[in-house]
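Report on one structure; see the data block that follows.
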Amino acid sequence: MSFLKKLKDKFQATDQQEEVSDKYKEGLSKTRKSFSEKINDLVARYRKVDEDFFEDLEEVLIAADVGVTTVMELIEELEMEVKRQNIKDTNEVKQVISEKLVEIYQGNDDGSEETSLNIQKDDLTVILFVGVNGVGKTTTIGKLAHQLKSEGKDVLLTAGDTFRAGAIEQLSEWGKRAGVDVIKHSEGSDPAAVIYDGIQAAKSRNADVLLCDTAGRLQNKVNLMNELAKVKRVIEREVPNAPHEVLLVLDATTGQNALSQAKTFSQATDVSGIVLTKLDGTAKGGIVLAIRNELGTPVKLVGLGEKITDLQAFDPNAFVYGLFADLLEEE
Amino acid sequence: MAFEGLADRLQNTIKKIKGKGKVTEQDVKEMTREVRLALLEADVNFKVVKDFIKKIKERAIGEEVMESLTPGQQVIKVVQEELTNLMGGDESKIAVADKSPTVIMMVGLQGAGKTTTTGKLANLLRKKYNRKPLLAAADVYRPAAIDQLETLGKQLDMPVYSEGTDANPVDIASKAVEHAKEEHLDYVLIDTAGRLHVDNELMDELIQIKQNVNPDEVFLVVDSMTGQDAVNVAESFNEQLDVSGVVLTKLDGDTRGGAALSIKAVTEKPIKFAGMGEKLDEIEVFHPERMASRILGMGDVLSLIEKAQENVDENKAKELEEKMRSASFTLDDFLEQMGQMKNMGPLDELVDMIPGANKMKGLKNVDFDEKQITHVEAIIQSMTSKERQDPSVINAGRRKRIARGSGRSVSEVNRLLKQFEEMKKMMKQMTNTQQGKKGKKGKKSKGFNFPFM
Ligand SMILES: Nc1nc2c(ncn2[C@@H]2O[C@H](COP(=O)(O)OP(=O)(O)OP(=O)(O)O)[C@@H](O)[C@H]2O)c(=O)[nH]1
Ligand SMILES: Nc1nc2c(ncn2[C@@H]2O[C@H](COP(=O)(O)OP(=O)(O)OP(=O)(O)O)[C@@H](O)[C@H]2O)c(=O)[nH]1
Ligand SMILES: [Mg+2]
Ligand SMILES: [Mg+2]
């Protein structure tokens with residue numbers, strides 16, 4: 001059985017998975033279309049696999065924000081593979097391309113382990129959200145609170161962004177929408193102190209999950225990154241083994257700077273997973289490939305809109321399936 | 001590796017050429033290849049890069065580069081010139097309507113910085129042009145968007161027009177303009193909700209607002225960290241709304257900001273302002289030549305730093321780095337730097353390596369000869385230590401005293417102070433971009449030690 005067939009079968013194994021991939025296909029339809037359209041374009045234009053072919057393939061991937069470094073590595077590997085298998089026909093090379101991309105997305109294992117959130121069974125789970133300005137931290141917290149609550153969890157939010165105008169009100173509104181409480185101080189107060197209070201409140205109420213919002217900050221602001229590290233230390237001190245997740249929120253429209261974000265935030269706060277937001281736009285989200293390839297940090301959640309339900313667990317298989325659905329269906 | 005500047009990238013090719021003492025067409029090809037990679041790593045759209053490279057190749061293969069003694073420098077210069085040309089001149093003017101109020105509409109993707117920039121522009125209009133702006137809260141969708149704008153209004157002590165979240169944004173905008181007329185406010189800045197350029201329903205709402213209030217400016221606000229998609233976003237917003245200008249935000253980060261080039265190339269609309277921070281006074285006029293340097297990885301700054309490093313001791317450099325970052329670089333430091341610079345060799349050569357230096361106001365007219373340096377030293381030495389720490393205290397009277405003390409003219413004193421301000425600004429931008437390089441293998445000691453004066 002071919003590799004892609006296997007992948008496809010894996011997907012259609014259960015109804016639930018079918019549903020997931022449909023939701024992905026819907027959310028990613030723009031991504032998938034333009035991406036696979038382009039690959040198909042390429043295939044139609046070039047009968048032969050030659051230098052021009054690879055040059056244009058390189059462009060397609062760069063246009064998807066995969067990142068020059070990753071693309072060049074990928075192309076090199078593809079060229080070798082094509083030579084090794086003595087592939088002359090572009091239709092065949094299509095399969096090799098798909099396999100390679102899946103490989104990068106998935107890493108060595110099937111990825112299912114590391115994409116689920118680390119939620120404690122009986123104890124309090126603390127999740128810290130970090131990221132640059134305007135990427136979707138607060139919105140994602142609202143969405144996740146809703147999701148966890150509908151799973152029967154007792155959720156509490158804490159408004160660690162005491163800096164940006166209206167940030168506390170924004171989180172409060174999400175708390176209202178999700179039907180969960182928000183621990184807050186006034187604007188301008190110490191973020192670490194709010195987080196501390198959030199933890200105490202979560203403990204005394206026996207909450208299951210505490211979601212901590214923080215102010216957006218650019219990764220080159222040393223003071224602000226130190227402040228974030230301090231917030232994390234408070235959590236570490238107050239709850240054993242916490243934070244259970246440090247989620248870095250990345251905007252899918254971001255280009256190469258997302259790599260720098262991932263690197264610096266990881267240094268300051270040991271990022272455990274990525275939330276990739278705004279994938280409902282036309283940005284290709286190819287940056288995930290580069291991040292997976294260069295840093296190995298797993299993507300855990302995907303934002304597909306501004307509604308409270310527009311949050312999906314990141315399923316690498318579904319993601320790749322979404323990207324390549326057209327190609328697969330043609331087989 | 002990612003995020004190498006062009007100068008870094010060209011190092012190898014340049015080394016090779018140095019050995020040969022002659023530039024071949026093959027060398028130029030290699031160099032343009034590096035230029036291409038540098039631009040792609042800076043997030044310039046690949047189509048824009050393609051056109052651009054074509055232009056560069058033509059110029060580079062011409063005598064200009066082939067017969068130059070320093071082909072590497074020459075390529076960078078050609079690239080930077082073309083890049084600056086492409087990005088257009090300074091155009092920071094904001095329209096003024098014949099009949100008050102002037103209406104400005106802010107549009108863009110989610111989280112780009114529209115609301116913050118609305119506050120910044122209002123602040124600028126009042127501070128610099130003595131205007132009385134009204135902020136209009138036409139984002140009824142994002143949770144607490146109105147609270148956010150109202151908070152900014154409070155911080156600025158400026159009126160905000162809002163009707164809550166049940167009203168229609170088109171009505172809010174129209175009524176805000178009416179309200180401004182009644183209250184004799186002369187600018188209305190309309191904050192709209194972030195939206196995807198492919199969201200037809202919401203794009204339609206913007207078109208309606210535009211038809212209703214007939215704005216004098218439509219500013220597209222774009223996050224400078226945007227990747228390849230910037231062309232689609234800019235093209236689409238521009239097609240549907242015929243924007244009048246662009247504001248690039250979050251340039252205080254370490255992104256190269258290639259999106260600037262992409263946007264300019266597809267819309268041909270001027271980039272007017274640069275957002276340089278979260279605070280309400282952190283907005284600047286957009287400088288195309290600085291942006292060009294930034295996209296290229298600060299042009300030759302890296303080699304300049306390398307050169308400087310041989311002469312500056314490590315601790316001093318660290319100290320300076322800290323000062324630049326915190327923007328506490330004073331005239332005393334300036335004086336010390338000049339001393340070090342004297343040890344570095346021909347000044348003209350050094351200054352030439354500073355990207356955009358020849359185009360920078362203030363630097364343009366300065367002849368960097370040793371005599372000049374002595375004059376500058378004399379001027380600074382005639383200042384009190386308080387003046388050196390905080391030049392803003394230097395009023396007209398003090399300027400006269402300093403001129404007398406140093407035996408120079410008042411206009412020379414003025415020029416030096418202006419130059420120093422300009423330099424601090426440049427440093428701020430450079431340290432921002434340089435910081436991204438921190439933590440890179442083998443590059444630890446590099447960074448901001450930038451004692452070019
Ligand atoms: N289309 C789309 N918009 C999103 C998504 N996630 C968030 N947004 C929007 O992006 C904007 C910024 O979201 P926030 O949640 O305020 O981002 P943040 O990271 O908390 O921002 P700061 O706290 O200011 O740094 C808002 O308009 C959100 O509605 C998404 O998945 N898709
Ligand atoms: N560092 C930095 N942050 C900025 C800049 N401009 C805006 N921000 C931040 O970016 C985030 C988003 O800014 P907003 O003004 O809320 O963006 P918006 O476009 O109004 O967002 P929506 O209304 O949700 O679409 C906030 O955290 C701002 O403080 C800038 O120039 N530099
Ligand atoms: Mg937030
Ligand atoms: Mg806004």
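Order of the sequence lines sets the chain letters (A, B, ...), proteins ahead of strands, with each chain counted from 1. Computed from a prediction, not measured in an experiment: that's the story for all the values here.
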Exercise for review: Go through B:E205 and B:Y141 one step at a time and tell me if the side-chain contact (heavy atoms from CB on, under 4.5 Å) criterion holds.
Suggested key: CA-CA 12 Å; B:E205 179 192 281; B:Y141 308 107; 2.4 Å; yes

Review point. Using 4.0 Å as the upper bound for N to carboxylate O, is an ion pair formed by A:D161 and A:K137?
Key: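 No salt bridge links A:K137 with A:D161.
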
Side chain, backbone, both or neither: which part of [X] has a non-hydrogen atom closer than 4.5 Å to chain A?
X	result
B:K47	neither
B:Q155	side chain
B:L109	side chain

Review point. Does a sphere of radius 6.0 Å around CD in A:E76 hold more than 12 heavy atoms from other residues, nucleotides or ligands, not counting ones at 6.0 Å or beyond?
Key: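 Open.
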
Check your understanding: With chain B, which of A:G134, A:A167, A:G142, A:G255 has the greatest number of heavy-atom pairs at distances under 4.5 Å?
Key ->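 Answer, by heavy-atom pair count under 4.5 Å with chain B: A:G255.
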
Check your understanding: A:R164, A:K176, A:E187, A:R217: which one forms the most heavy-atom pairs within less than 4.5 Å of chain B?
Key ->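 Ranked by heavy-atom pairs under 4.5 Å with chain B, first place is A:R164.
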
Region of [X] in contact with chain B, defined by heavy-atom distances below 4.5 Å:
X	value
A:E169	both
A:V135	neither
A:E73	neither

Review point. Can A:Q170 and B:R142 be said to form a side-chain contact (heavy atoms from CB on, under 4.5 Å), step by step?
Key: CA-CA 8 Å; A:Q170 187 187 1; B:R142 167 174 163 174; 3.0 Å; yes

Review point. Stepwise, does the side-chain hydrogen bond (donor to acceptor under 3.5 Å, both in side chains) test hold for B:Q228 with A:D65?
Key: CA-CA 6 Å; B:Q228 296 284 321; A:D65 281 323; 4.8 Å; no

Point to revise | A:W174/A:H146 under side-chain contact (heavy atoms from CB on, under 4.5 Å): CA gap, chis, key distance, verdict | key: CA-CA 9 Å; A:W174 276 113; A:H146 168 77; over 6 Å; no

Practice item. Might you work through the side-chain contact (heavy atoms from CB on, under 4.5 Å) test for B:N238 and B:L220, ending with a clear yes or no? Key: CA-CA 8 Å; B:N238 191 40; B:L220 175 64; over 6 Å; no

Review point. Between B:D199, B:V233, B:T151, which residue shows the highest count of heavy-atom pairs closer than 4.5 Å to chain A?
Key: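 Top count of heavy-atom pairs under 4.5 Å with chain A: B:T151.
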
